[in-house]
Amino acid sequence: KQRAIMSFEESKAFLQSSDGNGVSLYDHLTEVLLRVLEEKPEHPLEAFEDIAREVKLAQKTDQTQSIIDQKPAALLLDCINAATSTATLSFLKKPPPAEGSDEPAPPANPDGVMRNTLADLAAYAQVGIGLSQDEAFRLVLSMKKLLETNPLKSVRFWGKVTGTEHNYLVVESEFKEGEGKEEPVEPDEPQVEEKPATPPPFRLAGEEAEIEAEAGDEDEAAAAAAAAAAAPAEPAPRDSDEPATPRPQATEEAKEIAKEEREEEHSPNQFTYWVCANAGDPWIRLPEVLPAQILAARLIRYHITGNLDAVVSKGYPFFPGKDAKTAGKERHYLRAQIARISATTILLPKEALQTSEDAPDEPPKVNEDAELHLEELTKLEGWLHRRPELDPVQGRVKPILPPPADDAEPADEEANKIEPNKPLENDKPVREKPKSFPIPAWSLRHDLTVPFAPVLLRSHHWPGAFVLAYGGPRITHACMYFGDGQKYTAAPFTPPPPPEMQEEYPDMVEQRDPTVEDEDEEEDKKKAAAPAADGDVPPEESA
């Protein structure tokens with residue numbers, strides 16, 4: 001039979017066809033020939049089969065090694081998927097039945113209200129912001145569990161704060177009246193391990209009595225010195241004509257600003273915040289914020305790590321913790337940043353602020369069910385701040401007025417009235433110069449060509465803060481934050497300068513030490529002046 005002759009391209013393609021392991025005859029022959037040319041054996045034909053066998057064995061070893069390297073990654077991926085599935089299934093399990101009944105127990109908090117977070121996150125996903133579908137689903141289940149296991153009135157997803165090691169999922173909640181008054185327990189500082197006591201040195205029998213006697217004398221001397229130091233120091237005697245040395249007056253310590261309680265109107269502690277690193281982890285309650293923490297957070301720039309127990313700043317500027325003398329941790333700093341971001345970026349449509357028909361004289365209130373119009377939401381004039389701003393001096397919503405003087409009139413309470421719903425158009429821009437490229441406080445984006453397109457507002461003071469108005473005939477809005485918790489600064493951040501240095505200790509008045517002649521002369525003057533003071537006449541004048 002006549003053999004079918006293949007072309008060069010067809011022959012090369014046939015040789016390059018690989019098996020299931022990815023190795024072709026073309027590559028194998030190329031490697032063998034290279035080995036022959038490199039080693040240059042004395043009898044190439046006889047050594048060809050041995051070299052081919054070594055090359056083939058080396059190729060199998062490399063493939064086996066690559067498979068071994070892939071196994072740890074595959075096992076790690078399987079563990080991650082298994083842990084995620086277990087966490088998700090724990091939310092989907094039915095509650096255990098009540099004692100003596102086959103039906104599951106009713107929810108512990110049936111009156112709690114949770115916002116439709118899935119709809120909000122799905123709307124945010126349309127503009128390229130938010131969480132993945134899997135994370136959003138687990139987050140909603142975890143929020144539902146938080147609502148059922150705590151006496152909460154409402155629960156809302158606040159946002160996600162990114163950290164250098166871990167991230168924080170933040171949930172905003174409001175306790176029912178009379179509930180949640182106890183502060184969350186903070187972990188104690190790690191105790192320093194005490195070193196074991198050093199055993200006493202070996203002594204002879206005769207030396208112990210002498211050492212104990214010496215130790216007794218030393219203890220008595222130390223006790224006497226301690227008693228003398230504790231006793232008030234007596235003023236040193238000085239002459240009547242010696243001028244008093246000026247002493248620096250003690251400066252009065254700044255009084256600690258009282259925090260605003262949860263029951264106060266528009267208090268930054270009205271809402272309680274919970275955080276966790278991953279959806280499905282236990283929720284950790286953040287402590288209430290103090291005015292001193294808000295003021296200190298404005299002076300520093302700290303990158304959040306994801307560790308709630310990390311110390312923020314022990315030096316200057318000092319960031320306080322649970323009190324003014326304790327160094328604050330990341331949980332306190334995070335809570336202060338949440339208060340600052342919420343006061344600036346949580347907005348409200350102007351149409352939702354309505355006056356009651358029954359009480360037209362009362363201030364307008366927020367109507368969550370108000371009908372919103374898309375034309376008004378596409379303008380900055382149609383938005384208001386939902387929460388009042390924080391005082392830059394005291395770090396409170398409602399500043400504490402100083403007590404009036406004795407002859408002064410009491411301060412007017414109307415001048416200290418809180419204005420919670422300020423227009424958005426009055427916000428200070430981030431940057432005004434240069435005039436050719438200013439940065440406003442807010443930017444608005446809306447596609448007029450798409451029907452029912454969402455309206456997105458972006459804060460430039462706090463990058464990552466968004467407000468989204470979405471929906472068809474029924475429009476709703478949601479405020480969320482996705483950022484690193486840092487405020488935008490047009491110029492590079494510069495730490496504040498330290499306070500002014502204290503005045504130096506006043507110089508002491510130097511005087512010449514009197515001699516014996518000076519003392520005798522002074523004594524004669526005192527004796528001569530004594531009879532004149534008593535009304536007696538000196539003997540020289542009487543004669």
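As a basis for the values below, the full set of heavy atoms in this structure was taken, side chains included, without hydrogen atoms, waters or symmetry mates.
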Task: Residue pairs, two or more places apart or on separate chains, that pass ring pair (Phe, Tyr, Trp, His ring centres under 6.0 Å) and touch residues 300-353 - done: Tyr302-Tyr333, Phe319-Tyr333

Open item on the list: Do Tyr168 and Leu308 have side chains that approach each other closer than 4.5 Å (heavy atoms only, starting at C-beta)?
Closed with: yes

TODO: For Ile475 and Gly471, work out which heavy atoms get closest and say how close.
DONE: CG1-O, 4.2 Å

TODO: Output the distance between atom CZ (Phe482) and atom NZ (Lys160), rounded to the nearest 0.5 Å.
DONE: 8.5 Å

TODO: Identify the two heavy atoms, one from His460 and one from Tyr488, that lie closest to each other, and give their separation to 0.1 Å.
DONE: O-CB, 3.3 Å

Task: Which residues share a side-chain hydrogen bond (donor to acceptor under 3.5 Å, both in side chains) with Gln486, sequence neighbours left out - done: none

Task: Contact check, side chains of Trp442 and Val467, non-hydrogen atoms, under 4.5 Å - done: yes

- [ ] Just grab all the ring pair (Phe, Tyr, Trp, His ring centres under 6.0 Å) pairs involving residues 349-387, residues at least two apart or on different chains.
- [x] none

Open item on the list: Rounded to the nearest 0.5 Å, what separates atom CG in Leu390 from atom CD1 in Ile294?
Closed with: 5.0 Å

Task: Under the side-chain hydrogen bond (donor to acceptor under 3.5 Å, both in side chains) test, residues paired with Tyr481 that sit two or more places apart - done: none

Task: Test log, rule side-chain contact (heavy atoms from CB on, under 4.5 Å), inputs Trp283 and Met143 - done: CA-CA 9 Å; Trp283 292 100; Met143 291 172 58; 4.3 Å; yes

TODO: For residues Leu299 and Pro496, report the shortest heavy-atom separation together with the two atoms involved.
DONE: O-CD, 3.2 Å

Task: Contact check, side chains of Phe157 and Leu131, non-hydrogen atoms, under 4.5 Å - done: yes

Open item on the list: Are the side chains of Arg115 and Thr476 in contact, using a 4.5 Å heavy-atom criterion?
Closed with: yes

Open item on the list: Any non-hydrogen side-chain atom of Met480 less than 4.5 Å from a side-chain atom of Phe466?
Closed with: no

Open item on the list: For Asn367, give me all partners under side-chain hydrogen bond (donor to acceptor under 3.5 Å, both in side chains), at least two apart in sequence or on another chain.
Closed with: Gln354

Open item on the list: With rounding to the nearest 0.5 angstrom, report the OH to CD distance, Tyr470 to Gln126.
Closed with: 9.5 Å

Task: OG1 on Thr305 to NE2 on His166, rounded to 0.5 Å - done: 8.5 Å

- [ ] Only one of Arg331, Glu172, Glu288 passes side chain to side chain donor-acceptor pair (under 3.5 Å) with Tyr273; say which it is.
- [x] Glu172

- [ ] Over all heavy atoms of both residues, which pair between Val430 and Pro440 is shortest? Give the atoms and the distance, please.
- [x] CG2-O, 3.7 Å

Task: Beyond-backbone contact of Leu169 with Val275, side-chain heavy atoms, under 4.5 angstrom - done: no

Atom pairs and distances, side-chain donor-acceptor, residues 338-348, under 3.5 Å, sequence neighbours left out:
residue	atom	partner	partner atom	Å
Arg340	NH1	Ala297	O	3.3
Arg340	NH1	Gln337	OE1	2.9
Ser342	OG	Trp158	NE1	3.0
Ser342	OG	Ile338	O	2.8
Thr344	OG1	Arg340	O	3.0
Thr345	OG1	Ile341	O	2.6

Open item on the list: How long is the straight-line distance from CD of Glu425 back to CG of Leu380, given to the nearest 0.5 Å?
Closed with: 8.0 Å

Task: Pairs involving residues 372-385, ordered by first then second residue, that meet salt bridge (Lys or Arg N to Asp or Glu O under 4.0 Å) (sequence neighbours left out) - done: Glu376-Lys379

Task: All salt bridge (Lys or Arg N to Asp or Glu O under 4.0 Å) counterparts of Glu368, not counting sequence neighbours - done: Arg386

Task: Results of side-chain hydrogen bond (donor to acceptor under 3.5 Å, both in side chains) for Asp134 - residues two or more places apart only - done: none

- [ ] To the nearest 0.5 angstrom, please state how far the CG atom of Leu146 sits from the CE atom of Met114.
- [x] 10.0 Å

Task: Partner residues of Arg445 under the salt bridge (Lys or Arg N to Asp or Glu O under 4.0 Å) criterion, sequence neighbours left out - done: none

Task: Side-chain heavy-atom pair Phe175, Leu152 within 4.5 angstrom cut-off - done: yes

Task: Side-chain donor/acceptor of Asn269 to backbone N/O of Val289, under 3.5 Å - done: yes

Open item on the list: Looking at every heavy atom in both Leu286 and Arg335, which two are closest together, and how far apart are they?
Closed with: CB-CD, 4.2 Å

Task: Backbone of Lys487 reached by a side-chain donor or acceptor of Arg301 within 3.5 Å - done: yes

Open item on the list: If you count heavy atoms of other groups shown closer than 6.0 angstrom to CD of Glu165, is the number above 12?
Closed with: yes

Task: Residue list, salt bridge (Lys or Arg N to Asp or Glu O under 4.0 Å) with Lys144, at least two apart or on another chain - done: none

Task: Donor-acceptor contact present, side-chain Ser154 to main-chain Val113, <3.5 Å - done: no

Open item on the list: When you compare the side chain of Asp369 with that of Arg474, does any pair of heavy atoms fall below 4.5 Å?
Closed with: yes

- [ ] Return yes when atom CD of Gln133 has more than 12 non-hydrogen atoms of other residues, nucleotides or ligands closer than 6.0 Å, and no otherwise.
- [x] no

Which atom pairs, donor and acceptor, lie under 3.5 Å between side-chain atoms of residues 451-459 and protein residues at least two apart or in another chain?
residue	atom	partner	partner atom	Å
Ser459	OG	His461	N	3.4
Ser459	OG	Trp462	N	3.2

Open item on the list: Determine whether Leu424 and Leu384 satisfy the following criterion, side-chain contact (heavy atoms from CB on, under 4.5 Å), listing intermediate values before the conclusion.
Closed with: CA-CA 5 Å; Leu424 196 67; Leu384 303 172; over 6 Å; no

Task: Short N-O contact, Glu389 and Lys428, less than 4.0 angstrom - done: no

Open item on the list: Is it the case that the side chain of Asn278 and the backbone of Asp281 share a donor-acceptor pair, with hydrogens and angles ignored and the cut-off at 3.5 Å?
Closed with: no

Task: Heavy-atom closest pair, residues Asp391 and Leu295 - done: O-CD2, 4.5 Å

